[in-house]
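Keep in mind the model is a prediction, meaning the values are calculated, not measured. Naming: A, B, ... by sequence-line order, numbering from 1 per chain.
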2 protein chains.
Amino acid sequence: METATLKNQASRFQELLEQRGLKCTYERKQIFDEVMHLREHFDADSLYERFKKRGLRISRDTVYRTLPLLLESGVVQKSAGAGHRDFFERIGIKGHHDHIICVKCGKIIEFQCEDIEKLQDKVCNDYGFKLSFHDHRLFGTCKECQ
Amino acid sequence: METATLKNQASRFQELLEQRGLKCTYERKQIFDEVMHLREHFDADSLYERFKKRGLRISRDTVYRTLPLLLESGVVQKSAGAGHRDFFERIGIKGHHDHIICVKCGKIIEFQCEDIEKLQDKVCNDYGFKLSFHDHRLFGTCKECQ
DNA sequence: ATCCTATTAAGAATTAATCTTAATTAGATA
DNA sequence: TATCTAATTAAGATTAATTCTTAATAGGAT
């Protein structure tokens with residue numbers, strides 16, 4: 001798998017904007033930059049709060065509207081967290097991974113499975129879909145909670 | 001894979017209640033029965049509305065609280081739908097499946113991949129997790145929208 | 001520099017899920 | 001069978017999460 005460098009992620013984001021005829025606005029650039037500095041998973045609202053704290057006038061709605069663009073350009077992936085919020089995380093050096101969640105204690109474990117990724121591609125191919133991103137979460141009981 | 005008959009699903013639900021020391025209430029039985037008659041995917045609120053229409057006094061909250069129990073006992077699985085609602089569907093004769101969703105037109109396709117299922121089990125095993133259920137959604141662009 | 005359209009901020013509105021309170025009920029026990 | 005007790009419930013209020021509305025702003029084409 002190719003490593004996700006800042007440079008190629010930035011250009012993939014740019015490309016998506018171009019392809020869709022979307023403008024490269026100050027706000028979209030700020031959101032991209034901020035996300036690239038995040039090491040942990042996050043949700044739209046906490047990202048909005050970071051801008052607010054720094055005195056940047058970027059609205060909650062703009063954050064919510066920009067995150068799907070980052071998803072589709074492969075800059076972030078779906079993540080997992082407590083409650084019903086949508087969680088995201090930057091696809092960094094360690095690359096893509098998915099999550100196992102303990103339904104009792106809420107513990108979250110990251111896993112990587114290249115074979116599953118390949119099968120996903122195959123499935124999409126079979127149906128004529130061009131895979132953009134995915135959300136794969138396994139819910140169960142961890143060793144300690146069993 | 002074993003076929004999910006009404007009978008063994010009912011007993012699996014019963015077993016879960018027993019295991020957890022939960023009571024087999026009138027409301028839980030009604031919700032189970034209603035779900036077993038649904039052929040399409042549904043969300044908590046539409047299920048609640050069905051009871052309301054029939055004059056059954058089952059609260060929205062009870063429906064929301066019961067659905068995770070049906071998930072964990074293998075009676076329903078996570079599904080996919082528009083918006084941010086949690087969607088569910090009964091695991092019927094055709095058995096478990098997952099979803100591919102077109103990010104442009106919203107089209108949803110069901111797929112079954114036994115190999116992915118096996119790999120999921122393996123991954124959980126590796127981490128000492130007992131897999132209960134999962135949510136696997138592939139987002140992309142369908143043939144027509146590409 | 002001007003114009004046109006997409007995009008935005010701000011906060012209101014909506015949607016989805018959970019919580020609160022008092023009443024009810026399942027299932028254990030006498 | 002009657003009584004008891006903790007779990008569960010209904011109803012609607014509340015909270016949480018996301019999207020919508022309106023008027024203002026700004027990217028980038030001309």
Choose from [options] the nucleotide whose nearest atom is closest to any side-chain atom of [X].
{"X": "B:R65", "options": "D:dT9, C:dT18, D:dA6", "answer": "D:dT9"}
{"X": "A:T62", "options": "D:dT9, C:dA9, C:dT25", "answer": "C:dA9"}
{"X": "B:T25", "options": "C:dT7, D:dT9, D:dA7", "answer": "D:dT9"}
{"X": "B:E27", "options": "D:dA10, C:dA6, C:dA10", "answer": "D:dA10"}
{"X": "A:R57", "options": "C:dA10, C:dA17, D:dT18", "answer": "C:dA10"}
{"X": "A:R85", "options": "C:dA9, D:dA26, D:dT18", "answer": "D:dT18"}
{"X": "A:Y64", "options": "D:dA10, D:dA7, D:dT18", "answer": "D:dT18"}
{"X": "A:H84", "options": "D:dA10, C:dT18, C:dA16", "answer": "C:dT18"}
{"X": "B:D61", "options": "C:dT20, D:dC20, C:dT7", "answer": "C:dT20"}

Integer-rounded Å distance: [N] [atom2] and [X] [atom1]:
{"X": "B:Y26", "N": "D:dA7", "atom1": "OH", "atom2": "C1'", "value": "19 Å"}
{"X": "B:I58", "N": "C:dT25", "atom1": "CD1", "atom2": "C1'", "value": "14 Å"}
{"X": "A:K23", "N": "D:dG27", "atom1": "NZ", "atom2": "P", "value": "8 Å"}
{"X": "A:D45", "N": "C:dA16", "atom1": "CG", "atom2": "P", "value": "18 Å"}
{"X": "B:R28", "N": "C:dG27", "atom1": "CZ", "atom2": "C1'", "value": "13 Å"}
{"X": "A:Q30", "N": "D:dG27", "atom1": "CD", "atom2": "P", "value": "12 Å"}
{"X": "A:Y48", "N": "C:dG11", "atom1": "OH", "atom2": "P", "value": "8 Å"}
{"X": "B:K29", "N": "C:dT25", "atom1": "NZ", "atom2": "P", "value": "13 Å"}

Find out whether [X] and [Y] are in side-chain contact, i.e. whether some heavy atom of one side chain is under 4.5 Å from a heavy atom of the other.
{"X": "B:K78", "Y": "B:F133", "result": "yes"}
{"X": "B:T141", "Y": "A:L131", "result": "no"}
{"X": "B:L70", "Y": "B:F32", "result": "yes"}

Which residue lies more 5' along DNA chain D, comparing B:G83 with B:T66 via nearest heavy atoms
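Looking at the nearest nucleotide for each, B:T66 comes out on the 5' side.
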Can you tell me if the side-chain N/O atoms of B:R60 get under 4.0 Å from OP1 or OP2 in C:dT18?
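Looking at the OP1 and OP2 atoms of C:dT18, neither is under 4.0 Å from any side-chain N or O of B:R60.
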Does the distance from a Lys or Arg side-chain N to an Asp or Glu carboxylate O, for A:E144 and A:K104, drop under 4.0 Å?
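Answer for the salt bridge query: no.
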Taking the six-membered ring for Trp, are the ring centroids of A:H134 and A:H96 within less than 6.0 Å of each other?
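Distance test on ring centres: under 6.0 Å, yes.
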If you assign each of A:G21 and B:D86 to its closest nucleotide in DNA chain C, which residue comes earlier from the 5' end?
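Nearer the 5' end of the strand: A:G21.
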